[in-house]
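Dropping a structure here in structure tokens format, bear with me for questions.
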2 protein chains.
Amino acid sequence: MTVETGGVDQGRLFELLWGAPTAPRRGPRPTLTLAAIARAGITIADADGLDGLTMQRVAESLDVTKMALYRYVPGRAELVALMLETAIGEPPPPPAGADWRGQLDDWTRQLFDRFRRHPWAHAATVGPRLPGPHELAWLERVVAALAGTGLTGAEQLDVAVLLVGHARNLAQHAAPDDAPHAGREAGFGMLIRGREDRFPALDAALRDTDPEATDAALDFGLARILDGIEALITARSTRRS
Amino acid sequence: MTVETGGVDQGRLFELLWGAPTAPRRGPRPTLTLAAIARAGITIADADGLDGLTMQRVAESLDVTKMALYRYVPGRAELVALMLETAIGEPPPPPAGADWRGQLDDWTRQLFDRFRRHPWAHAATVGPRLPGPHELAWLERVVAALAGTGLTGAEQLDVAVLLVGHARNLAQHAAPDDAPHAGREAGFGMLIRGREDRFPALDAALRDTDPEATDAALDFGLARILDGIEALITARSTRRS
DNA sequence: GATACTCTGTATCCGAGGGACACAGTTTAG
DNA sequence: CTAAACTGTGTCCCTCGGATACAGAGTATC
């Protein structure tokens with residue numbers, strides 16, 4: 001019996017992400033590697049999104065037939081999971097000498113950067129998934145930074161969920177570097193024009209906003225979140241002493 | 001010239017979401033309505049996800065041919081956008097007599113509920129989109145709640161982004177009601193077992209966590225965020241006075 | 001070294017799904 | 001009553017993921 005979820009074979013995915021690089025000795029030597037396939041897929045998805053990612057295109061960019069890929073990867077869904085692991089990569093080392101807040105601040109921005117560099121990563125992380133080693137390593141960093149702050153284990157994990165969500169959410173909102181700063185005005189400013197009576201508060205908020213100002217939603221949200229966490233940690237420590 | 005983005009005709013999508021219910025007078029009367037189509041799609045997607053949503057199935061559930069749908073909806077992508085607008089629905093009225101914090105707290109939980117009832121909604125909201133009237137109405141509520149708190153227009157919008165992200169993010173993590181409480185342990189506890197040396201902090205956090213405890217990530221994150229916002233508002237008002 | 005076994009890449013085929021297009025029937029404007 | 005406009009349908013095509021069978025390449029065993 002093989003456990004399947006949404007067309008993804010969990011067992012095969014597990015050994016793909018977590019298994020040791022198996023090297024059978026019989027037969028012709030493989031022309032490809034998992035890493036090369038993942039890189040090729042990432043390049044394509046970076047350029048044209050997940051919709052542009054077809055087995056055919058990946059195979060072409062590696063000069064093999066489409067079906068050759070299935071010798072390495074069970075299917076498209078598993079390929080995307082592998083691409084995600086590769087694109088997220090190892091977590092960066094925590095900044096030297098930083099306290100928990102400095103560590104989490106840096107951590108969130110770094111994760112944001114990775115997500116922004118690979119816009120398809122957001123779509124690749126919807127729904128329950130089997131996390132890869134890199135993904136868990138990122139989580140580990142958050143929890144490690146919070147060790148000794150007085151938060152419970154569950155709370156430390158909740159913080160991680162909160163920060164991952166913020167980084168991922170804002171990477172989606174953020175325009176890629178090359179885009180000519182679309183701004184909020186272009187976003188829904190034009191929708192509100194002519195409907196100021198239905199959206200008076202939005203209209204006022206947009207009027208109050210300098211259309212040339214840089215989008216600071218990442219910093220703003222991150223600062224609020226960290227302030228909130230800090231308040232909790234402080235309350236805990238003062239109550240205990 | 002028609003502007004296209006990712007296979008979605010923006011112009012046609014705009015009139016689909018924002019246009020007045022057009023009623024041409026010539027020819028046979030339509031057998032379907034946009035609302036009925038959207039409801040049918042929602043029912044299917046609720047049950048089988050966006051992957052299970054095919055034009056064929058939607059048509060069958062309405063007793064028409066697949067191609068009949070294209071008389072109402074430009075294509076699948078636009079159908080999903082319409083389904084999203086319908087599924088999100090009108091924002092609930094703000095709780096009577098609540099301050100900004102009470103309003104935002106309630107608002108976030110309500111939005112969370114809508115997302116959780118329609119798991120496909122997360123996937124339907126990735127990437128830049130054209131928001132519908134309902135979506136803007138939800139945003140309007142947040143900004144309206146924050147009017148007079150001393151936050152700038154941009155900051156009010158940043159708060160909205162932050163709260164939407166949290167609600168949406170946690171609706172994804174949250175298991176549907178009928179699921180037998182998978183818990184974090186089942187999630188990656190088994191992955192850490194045997195690798196405690198690579199993930200010591202995660203291991204400690206999981207050991208510290210009662211596996212029977214209910215998942216409080218929504219409340220935790222929301223409380224932190226609102227605490228952070230409150231701190232900012234307080235700082236602003238005290239500085240000005 | 002010959003042989004059998006196994007692994008790799010390929011060629012071919014299939015089904016599902018989105019959508020274009022032309023047509024026939026229906027309803028209303030003039 | 002006729003022409004125009006609109007609706008639903010049948011048919012066709014293309015793209016894509018994936019199953020299967022096969023031919024060649026390389027290795028272990030005798």
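So that the names make sense, note that chain A is the first sequence line, chain B the second, and so on, each numbered from 1.
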Close aromatic pair by centroid cut-off 6.0 Å: A/H122 and B/H122: yes

Euclidean distance, atom CG of residue A/L62 to atom P of C/dT8 [Å, nearest integer]: 16 Å

Restricting both atoms to N or O, compile the protein contacts to nucleotides 28-30 of chain C shorter than 3.5 Å, with distance only.
{"residue": "C/dT28", "atom": "OP1", "partner": "B/R29", "partner atom": "NH2", "Å": "2.3"}
{"residue": "C/dA29", "atom": "O4'", "partner": "B/R26", "partner atom": "NE", "Å": "3.3"}

Steps toward salt bridge (Lys or Arg N to Asp or Glu O under 4.0 Å) verdict (B/D203, B/R193): CA-CA 8 Å; B/D203 181 50; B/R193 192 147 318 158; over 6 Å; no

Nucleotide nearest A/P28 (side chain, heavy atoms from C-beta), chosen from D/dG24, C/dT10, D/dT7: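 Closest nucleotide to the A/P28 side chain: D/dG24.
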
Atom-to-atom span, CD of B/E60 to P of D/dG8 - whole angstrom: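 Checked: the CD to P distance equals 17 Å.
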
Side chain B/R141, main chain B/A137, donor-acceptor under 3.5 Å: no

Whole-Å gap separating C1' (D/dT15) and CZ (A/R76):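 About 13 Å, once rounded to whole Å.
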
A/L69 CG to D/dG18 P, straight-line distance once rounded to whole Å: 11 Å

Touch class at under 4.0 angstrom, heavy-atom based, for A/R71 against every strand present: base

Sugar-phosphate, base or nothing in reach of B/M67, heavy atoms under 4.0 Å: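 Counting heavy atoms under 4.0 Å across all strands, the contact made by B/M67 includes a base.
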
Nucleotide of C/dT8, D/dG10, C/dG19 approaching B/T65 most closely (side-chain heavy atoms): D/dG10

Sugar-phosphate only, base, or nothing, as touched by A/L53 at under 4.0 Å among non-hydrogen atoms: sugar-phosphate

Under 3.5 Å: donor-acceptor pair, side chain of A/E78, backbone of A/G75: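 Between the backbone of A/G75 and the side chain of A/E78 there is a qualifying donor-acceptor contact (under 3.5 Å).
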
Per B/K66 side chain, nearest of listed nucleotides D/dG24, C/dG9, C/dG18: C/dG18

Interatomic distance where CZ belongs to A/R57 and C1' belongs to D/dG17 [whole Å]: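 The answer, rounded to whole Å, is 16 Å.
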
Tabulate below the donor-acceptor pairs under 3.5 Å that side-chain atoms of residues 33-45 of chain A make, not counting sequence neighbours, or state none.
{"residue": "A/T33", "atom": "OG1", "partner": "A/A36", "partner atom": "N", "Å": "3.1"}
{"residue": "A/T43", "atom": "OG1", "partner": "A/R39", "partner atom": "O", "Å": "3.0"}

Interatomic distance where CZ belongs to A/R12 and P belongs to D/dG18 [whole Å]: 11 Å

Gap between atoms OH and P, on A/Y70 and C/dT8 respectively (whole Å):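 For the pair A/Y70 OH and C/dT8 P, the rounded distance is 17 Å.
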
Contact list for residues 67-77 of chain A, test side chain to side chain donor-acceptor pair (under 3.5 Å), sequence neighbours left out: none

Rounded distance in Å - CD (B/Q56) to C1' (C/dG19): 13 Å

Stepwise salt bridge (Lys or Arg N to Asp or Glu O under 4.0 Å) check, B/E60 with B/K66: CA-CA 8 Å; B/E60 275 171 9; B/K66 175 182 70 167; over 6 Å; no

